[in-house]
Structure formats: structure tokens, C-alpha cells
There are 2 protein chains.
Amino acid sequence: MSMADTVVAEGGGSLHQRILTDISEKITSGAWAPGHRIPFEHELSVQYNCSRMTVNKALSQLAKAGLIERRRRSGSFVRRPQSQAAVLEIHDIRIEVEALGLPYRYERVMRHKRRSSAGDRASLELGLAGPVLALECGHFAGERPFAHEQRLINLTAVPEAADEEFLAIAPGPWLIGRVPWSEAEHRIRAVAADRHIAAALDIEAGAPCLVVERRTWSAEHPVTHVRFTYAAESHTLVARFRPSQG
Amino acid sequence: MSMADTVVAEGGGSLHQRILTDISEKITSGAWAPGHRIPFEHELSVQYNCSRMTVNKALSQLAKAGLIERRRRSGSFVRRPQSQAAVLEIHDIRIEVEALGLPYRYERVMRHKRRSSAGDRASLELGLAGPVLALECGHFAGERPFAHEQRLINLTAVPEAADEEFLAIAPGPWLIGRVPWSEAEHRIRAVAADRHIAAALDIEAGAPCLVVERRTWSAEHPVTHVRFTYAAESHTLVARFRPSQG
DNA sequence: CGTTTCGATATGTATATACATAATCGTCAT
DNA sequence: ATGACGATTATGTATATACATATCGAAACG
């Protein structure tokens, strides 16, 4: 069985998809090392018995995914794995808790509407003064505190939030779907619990905690800033990733 | 000026790119809410004065990026923001340190070649027994310890590592480029420093630390398991992201 | 009234073609 | 040698076309 025969053997999806996964595998398996010149579009179109356009579409996608680099007149080359970018999935806390098989409970601890202080504006990266809603909430797994939430909502961007008490629904799920976000930033770090957090999470002051802060923008306007604090034992963030997907 | 005129007004890149960013913006800005039916390929091809193929290429990409959902006969619809996936960039420690304007220093603390213990096999998710290389290294920013590295390398997957002392080069940079990885997993959590880590990082035992663990596979074979421990003050992980990029 | 069939429609995939653009190579004149 | 220049080549982008496929809706039928 010749090389060409192997390649053109029957496969599941579309041709375009097959070319994509074939080459993707060659690269991630190491068969084609970084720097290796992959066959020209013309050669591949002969190998796969299809038109150059089909090959082009597949290679363009691989280039966009960052697996290969294309140079006019020279050909396409396997890129060396450059920035290690991981896809970090941050789920809804309710779903996290329920995935552990524990009953989830939500509790609003504090709700305060006020004109933004200088600190608020720094948190939200807000230019002008304006009303904000400050919230503090507890998330429980069974009897135990799971996470403590401290949130600021920019009422200029989300005026409807002023009328919501957040007694029955947590601000996270409330905001999702209501406010289209265009950008977000996470900061993840370890801190020692201060007395306030220690009391909320029922741990000792000074105990290590994982803090996840998220700022969200919608079309250039800051929407919300939230800080989740987890007791060290209760939580691990997991990020699984591949250099690219076919 | 008619709608069509506005849309076809001169723009930077290719038409295909313009269609992509136009629609992407409409969605992320909220102008087209989740569930909204975007114009048919045919309508867009008239609006942008181009062929259906060009529109199709753009829409296919948006669908692949997860911004829209396409249904035969019915049209294409804006998807609601589903999983919050953040791109977490994990840089080389040297680069992180130098970005702070501090001199970087690397030090190998321990190097030990051995048959894998049960614990090693658990760390690497290794099925069979085989030789591993255990390393411990310090990364310094100026005079201060910045991160402590504890690493296992699967010598079955990377036999060349057995001959490397890792005195001058850190295992991370050494492995990158030499071993094509196909998959990796990060675990991020907060811990209290034990005495060993406390001594290495020059902090007090029990002080909070950020731990980033990474496991890497290459074509189904475990390659390495590494644990970086940072003193809480010294490090924050940042992940910035958008729902999708044009 | 319910079911089946069939046509219309929108997307999915692939083709041949055309011209633009960038980079490299060889040739020729200096 | 060296530099200018044009030919060649591979990719980049767009077009018109064709047929496949899924699905909605309406008409035909038992």
C-alpha cells in the first residue's frame, strides 16, 4: 500500500476535515518537527486528490490556529510551540459544588448602593464617578462555606441591577445572559485569610486561600469586578489544553 | 448614505476579514442578542457585494469560534455565551522575572535519577515502572527567591534528559522545543508552605503560596510533571480573554 | 384528522478559475 | 564581485458554479 493510498483511505467527515486532522496529528506527534516544511498546497492536492482550494482552506485554518507558519514562495512550516496558552474554564460555582455531589446553598450577606469611592473606581477601572452596587455573598457546599464573593457592579452600565435584591439569585448567573460581555480579565493568587474572610469561610485567620478576581467589560464599559475567595483545601483550578485542535 | 454603502465603505484588510469583525462586533456589543437570527448568506453577499462563498467562509469561522450556531434551512443564530473559557498564558519564569526589571538567576538544588516509585507513577500518570529523573530547582529575582520548582521527567519518553545535568539551563526551556507536547494540564491552588518550601522561598512556614502544577503528554506518553511554588506576594496569574476573536 | 410525500430553501462542501502579492532565484549589465 | 531587474513560484483572496444534505412547510392522500 503506497503512502498516497494510505492517506486517501476512507475516513469519517469531510475531506477538508481529514486533511486538517492528518496534518495536525503529524505535528503534535512529532513526526513533523518544528521547522519542517510541510508539502506544498499543490503536492497535497495531488496526494488527497482534491483541488488546491480545499487544501488552502485547511492550511489557512492551521495557520490561524498557530500550528504552522506560511511564507509566500517558500511554503508552510511547522511552528515551534511558542506561548503556552491554556484554556482555563471557570464554571458557575453552583455547578462546581453540585459536581462534587453536595447540596448547594447561596446566601446574600451584604448589599449596599453607593456613589463610587476612589477604591471602587480603581477596582472597576472606572473613569468617572457614578453609582455602584457593592455585594457580599456566601456560597456553601452542604454545611461548609465553599466560597466568599465580593462584588462591585457598575450601575451606569447595568442600571437594572439597582432594583434587584440578589436574595434568591447570585449576581453571577443574574449578570450572565443579561449583559453581553466583550472582554474579561482574571487574576489568580494566593493570600492569607484576614479576619473577615476567615469568619466567612470558617477557617483560621492567616490560613492560605485561593483568590480569583474577575473584571468584565462590555463594549469598553466596565461592568463588574468580583473577587471569589476559596479556602485552600476546597478548591483547585484545572486547565487542560492542547497546542491546538483539528 | 444607505446601509449597504456604509458596510462596503473602505476598510483595512480583506473583505472576508471585514465581514468577520463586523459581525463579531455586532454580537459582542450586544446589538445582536443571543438567539437573534443573523442575515442569510445570500443577504450578506448582497450587502457586502461579494459572493456567497466569501460570506460562507466568514460565517463558518464564526461558527467554529462558537459565536454563532448554524442550522440548515433555518439560518444562523447568535449563541448565548456558554462556557467561560479564559486563555491563561503561562510564561517562562526567566521572562516573568526579567519583565519585572530584576536580574534572573537559576540554581539546580537536587538531581536524582531513580526507578519510578509508586508516587512518581501517580504524579506522571505513568502505567509501567521505568526510570525517572527527579529535579529540584530555584528561580531567583535579584537576591530573593521567586519560585521553587519540583520536577519529574519520564526518562522513557525523554532518554536524552538522563545525560543533562541541568546546572546551566532550567528543565523547562530545555524540554520546550526538544519534546513536542500534544497535551497538558494545569492545576492551580493555594497551599500553606511546609518547612522545606518555606526554607527554599525564605518565608515562614504556614505562609500562603500559589502552586501551579503542570503535567505534559506527548502523543499519549507522559513527559513531565512539574510543580512551581510561588510565595503569595511574589506572583499573580493573569488571564485576559474575549468570548472570541475575529 | 393524521400521516406521508415532495418541493423549496439555506447551509455544507468541493471544483475550476482568475488575478494579486510577496519572496526567491537566476541572469545580465556594470 | 555586485547590484538591478525580471521570471518564477507559492500563497492570498475572490468568483461562479455545482451538487449534497438537512429541514421546514405545504399539499396530497388514506
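Just so it is clear, the values below take in all heavy atoms, side chains as well, and ignore hydrogens, waters and symmetry mates.
When the P atom of D:dT13 is taken as reference, atom CG of A:Leu59 falls 13 Å away, rounded to whole Å. Rounded to an integer number of Å, the gap from B:Gln61 CD to D:dA14 P is 12 Å. Rounded to a whole Å, the NE2 atom of B:His16 is 11 Å from the C1' atom of D:dG12. Atoms CZ (B:Arg37) and P (C:dT11) sit 8 Å apart, rounded to a whole Å. Separating the CE atom of A:Met53 from the P atom of D:dC19 is a distance of 19 Å, rounded to the nearest angstrom. In this structure, CG of A:Leu20 is placed 14 Å from C1' of C:dT13, rounded to the nearest angstrom. Between the P atom of D:dT11 and the CD1 atom of A:Ile68 lies a distance of 9 Å, rounded to the nearest Å. One interatomic measurement links the two molecules: CD of B:Glu69 to C1' of C:dA10, which rounds to 15 Å at whole-angstrom precision.
Each of A:Arg72 and A:Cys50 lies near DNA chain C, and the nucleotide nearest A:Cys50 is the one positioned closer to the 5' end.
Within 3.5 Å, no donor on the side chain of A:Arg70 pairs with an acceptor on the base of D:dT11, nor the reverse. Judged by distance alone with a 3.5 Å cut-off, no donor-acceptor contact links the side chain of B:Arg71 to the base of D:dT23. Judged by distance alone, with hydrogens and angles left aside, A:Arg52 brings a side-chain donor or acceptor within reach of the base of D:dG12, the pair sitting under 3.5 Å. The base of D:dT11 has none of its N or O atoms less than 3.5 Å from a complementary donor or acceptor on the side chain of A:Arg73.
Residue B:His42 qualifies as open at atom NE2: its count of foreign heavy atoms under 6.0 Å is 12 or below. Taking a 6.0 Å sphere around CG of B:Leu167, one finds it holds more than 12 heavy atoms contributed by other residues, nucleotides or ligands.
B:Gln61 and B:His16 are linked by a side-chain donor-acceptor pair at a separation below 3.5 angstrom, with hydrogens and angles left out of the test.
In summary, the aromatic rings of B:Tyr104 and B:Phe140 are positioned with their centroids too far apart to meet the 6.0 Å limit. Here B:His139 and B:Tyr106 bring their ring centres to under 6.0 angstrom of each other.
Among the nucleotides D:dA10, C:dT13, C:dA16, the one closest to any side-chain atom of A:Ser51 is C:dA16. Side-chain atoms of B:Ser76 lie closest to C:dT11 of the nucleotides C:dA23, C:dT11, D:dT15.
At a threshold of 4.0 angstrom between heavy atoms, the contacts of B:Leu15 are confined to the sugar-phosphate backbone, with no base atom among them.
Contact check, B:Ser74 against D:dA22: no side-chain N or O comes under 4.0 Å of OP1 or OP2.
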